[in-house]
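Naming convention: chains lettered A, B, ... in sequence-line order (proteins, then strands); numbering from 1 in each chain.
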Amino acid sequence: MDQLKQTHCQMITTARIHDTYAASRLLNFCAVSESGDVNYALKLFKSTPEPNSFMWNTLIRAKASSPNPQEALLLYIDMRRLGVIPGKHTFPFVLKACSNLNTIKSIKQVHAHVLKFGLDLDLHIVNGLIRGYSVSFGLDNARKVFDEASERNLSIWTTMICGYAQNDFADEAIKLFDYMISNRYEPNGVTLSSVLSACAQSGRLDLGRKIHVYVEEKGIELGVILGTALVNMYAKNGAIPKAKQCFDGLKEKNIATWNAMICGLAVHGHANEALEFFKTLDKRRMMPNNITLVGVLSACCHAGLYDYGCEIFYSMKKIYGIDPKIEHYGCMVDLLGRAGRLLEAEELIKGMVWKADVVVYGALLSACKEYGNIEVAERVVKEILVLDPDNHGAYVVLSNMYAEAGRWEDVSQRRNVMKEGSLKKTPGLSSVDDILQNPDFELPISNLPTNSTSSFVLLNENNTIPGWTFQGEVRYVTAGANVSLPRNGHAIMLGQDGKINQTFTANGDLIQYLLTFTLSLASDNCKANVSLVVSAPDSSAEFSFTQKYGKETWEVYGQQLGTWGNGESVNLILQSQVTDTDPNSTCWPVVDTLFLKTLGPLAQNSDNLLPNGGFELGPAFLDSSGEGVLLISEPSLVESALQQWTIMGTVKYINSKNHFIPEGKAAIEIVSGVSAGIQTAKTLSDGSNYNLEFMLGDANDSCSGEFIVGVGAGSSAQNFSLQSNGSGAVKKYSMTFKGGPSLTQITFLSHKTTQREDGVFCGPVIDGVVLRASHGHKSNLQPILIALVFLAILQMSELL
DNA sequence: GTAGGGTTAG
């Protein structure tokens, strides 16, 4: 800076300072260099009569990574006010500022400006947008930018993968990584750091190992970040010796590397070793940070080291200069709670400068449960419900505590409070509830023979099953050598005239109930044609095995039971039905793992005329529904399990956990071949132009071949095809059509039958169906984005 | 003359 100042003087005395180009070089050094001085840069800037866009960019860049990133945004606003046109270098810095801001969410407004200046094709800017949305405005938006990018490079893939990993969507991160590999991109160390983090979160030691081998084979340098990610991956997955080996082998370590080791050891019950590592930090002249102390305190919790934990907690400010944050208090509440010091824990929470959150209270509630302290638990539950009115878990814990203490009146009172809706559900959101009793038949029958060799025990009046009533031949099935069930355990076989039923009470204003369940057959060598009939007061559907739609011996089905209001009593009946008599048949239906999901009123989406065009609203996925949930033919819009769509043939409702989904968390795979598909209808204005957008893809389920989907909209029809190699691809299509006089129908029908190599029927994936009024002129700016621009300009002018 | 993506947490 000394030399720079001398040069600056020379430039002033020789009037060269008026050469804006030369002045900008001075500014650049001050603003960007490690040995620079941002304040000096600001003075220089202010003394420049007409700073050019380079100077603006440089200053915005400096402020974007400063402790006050909002100053970068204010500079950008000044720049606009003075009429300086931002360029392709401006927005990466402005977007960086958005990403670095913790509180103000400005990404959407900046996005609007990017569009306004026509810079949305620039890859650096696309990257900045994805990053910005990932940290502040939701992954769905980030993914939308990613999906709609005209072109992608490794950085963009990496940013999106990192976005998932950092937001705890490890499975999504890994899925996208797989997809990236299938698109033949070669990951580098930056990409792999994020993927390793995802492997650590989701227990993917297998993939983590492969990445380690890949890194070694490719000679990718194990720098401190990639090295730390690797150590963390091994440590979190419990491969402690391997973690240590990597740790020792790293040339460079920082505090994060040590934290990965300490936290990994703490989590896996090696508390004392974690503390040993912690004590070694001193010798390595490494300074612990707040995360280190979280690890140390949690190690103390796990090992019950009450005194040492307290010592660390009460001296951390003095010794390490770290103020205890809510995370540290969380550990302490846990530590005190485990030691039975519930009142002290409660006092500790009251004394915090932060507002206690659900995690802190949750730790205390667990301790209350452990020690049976109902008095404290009641106070804690009250606090939890203030913070999170929908927290059923807290009620359940308290209710169980009453039950354990024999306070049955309190139990039923609690239940009533829940039913009367002091725990109100938010409309439009779905929830999965424990509405049914014994829904997976794991509460055993009254006289389950302990050493019985029989896997099928006949129910009778002395041998009943909790929660259910039954008639006819009903058998209690236990998984074993000759019976396989979704979660092992138990299930119910419905034999001759077999029927089970259960009554539950609807709670909430007109809520729709969707049932998911698994169905298998008691013998895989079936002659007779037997089906299962599931019925409720307003609906009935018949399920039978016709084709193989998954690799398991059971299949998962979804059905809408009906819509009921508060207090209505619903009788759910499951019974066998013989459609082709064979008295020697042993081929009866076996049902298991029933799951009820409720859906509130349908939310309207302003930029899509079709509600549920993304198929996000449908039946629940079971843990065992890796192959998706089958929806059978249902011609009624009102009775369909897939909101707003009728079903032809059989379609599979698939989720992002187990399949490649073009958008959001769920999609439809048309599996039963020719003329199977989905249909919806909408009142449109007669003769007006509309635009229908949708995505056609494959589910990454090895379903390969040519997919042909016929799309009908009003009186228009068109075929769309996709050559699938079954590894997760998607194509976006659109078509225009005219609205009809009454209801206009929109139909997606498969024109081909496809089978996987293992014989399983499969087919095209449909997702992201968007219907919009078309305004005639061709614009690649979508209406929503145009609206966004106007909104943003309005907001910006308010700021000014 | 200016630019992008990464590790650790109750």
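Counting any heavy atom pair closer than 4.0 Å across all strands shown, Leu226(A) reaches a base atom. Using a 4.0 Å heavy-atom cutoff across all strands shown, Lys325(A) reaches no nucleic acid atom at all. Counting any heavy atom pair closer than 4.0 Å across all strands shown, His328(A) reaches no nucleic acid atom. Across all strands shown, Thr58(A) has no heavy atoms under 4.0 Å from either base or sugar-phosphate atoms. Across all strands shown, Val294(A) has heavy atoms under 4.0 Å from sugar-phosphate atoms exclusively, and none from any base. Nucleic acid contact for Val360(A): base, since at least one base atom lies under 4.0 Å from a heavy atom of the residue. Counting any heavy atom pair closer than 4.0 Å across all strands shown, Lys236(A) reaches sugar-phosphate atoms only and no base atom. Residue contacts for Asn254(A): at a heavy-atom cut-off of 4.0 Å it reaches a base atom on one of the strands shown. When heavy atoms are screened at a 4.0 angstrom cut-off, Leu95(A) is found touching no nucleic acid atom at all. Heavy atoms of Asp357(A) sit under 4.0 angstrom from at least one base atom. Across all strands, Tyr329(A) comes closer than 4.0 Å to no nucleic acid atom at all (heavy-atom distances). The residue Gly189(A) sits close to a base: some heavy atom pair falls under 4.0 Å.
Between the P atom of dT7(B) and the CG atom of Leu250(A) lies a distance of 16 Å, rounded to the nearest Å. The interatomic distance linking Leu230(A) (CG) with dG6(B) (C1') rounds to 13 Å, in whole Å. Leu196(A) places its CG atom 13 Å from the C1' atom of dT8(B), with the value rounded to the nearest Å. To the nearest angstrom, P of dT8(B) lies 20 Å from CG of Leu297(A). Between Asn259(A) atom CG and dT8(B) atom C1' the separation is 5 Å, expressed in whole Å. For the pair His302(A) NE2 and dA9(B) P, the computed distance is 13 Å after rounding to whole Å. If you measure from atom CZ of Phe93(A) to atom P of dG4(B), you get 6 Å, rounded to the nearest angstrom. Rounded to an integer number of Å, the gap from Leu129(A) CG to dA3(B) C1' is 13 Å.
Counting only distance, with no hydrogens or angles, the side chain of Asn254(A) and the backbone of Thr257(A) share a donor-acceptor pair below 3.5 Å. Here the side chain of His328(A) pairs a donor or acceptor atom with the backbone of Lys325(A) at under 3.5 angstrom.
Of all nucleotides listed (dG6(B), dG5(B), dT8(B)), dG5(B) comes nearest to the side chain of Leu154(A). The side chain of Asp122(A) has dA3(B) as its nearest neighbour among dG6(B), dA3(B), dT8(B). Side-chain atoms of Asn232(A) lie closest to dA9(B) of the nucleotides dA9(B), dG6(B), dG10(B). Side-chain proximity of Val359(A) to the nucleotides dG10(B), dG5(B), dT7(B) is greatest for dG10(B). Counting only heavy atoms from C-beta on, Asn153(A) has its side chain closest to dG4(B) among dG4(B), dT8(B), dG6(B). Nearest nucleotide to the side chain of Thr159(A), out of dT2(B), dG5(B), dT8(B): dG5(B). Out of dG10(B), dG4(B), dT7(B), the shortest distance to the side chain of Glu327(A) is found at dG10(B). Among dT2(B), dT8(B), dG5(B), the nucleotide with an atom closest to any side-chain atom of Asn127(A) is dG5(B).
In this structure, Lys96(A) forms no cation-pi arrangement with Tyr76(A), as its terminal cationic atom is not both closer than 6.0 Å to the ring centre and no more than 45° off the ring axis.
Between Phe277(A) and Phe247(A), the two ring planes are perpendicular [angle over 60°; tilted spans 30° to 60°]. Ring orientation note: the planes of Trp56(A) and Phe45(A) are nearly perpendicular, at an angle over 60° on the 30°/60° scale. Between Phe660(A) and Tyr179(A), the ring planes lie tilted relative to each other; the angle falls in the 30° to 60° range.
At the phosphate of dG4(B), neither OP1 nor OP2 sits under 4.0 Å from any side-chain N or O atom of Lys88(A). Taking only side-chain nitrogens and oxygens, Gln166(A) comes nearer than 4.0 Å to OP1 or OP2 of dT7(B). Within the structure, every side-chain polar atom (N or O) of Ser298(A) is placed at least 4.0 Å from both OP1 and OP2 of dA9(B). Proximity of Arg131(A) to the phosphate of dG6(B): a side-chain N or O atom is located under 4.0 Å from OP1 or OP2.
Of the inter-residue distances, the one linking Met180(A) atom CE with Arg184(A) atom CZ reads 13.5 Å to the nearest 0.5 angstrom.
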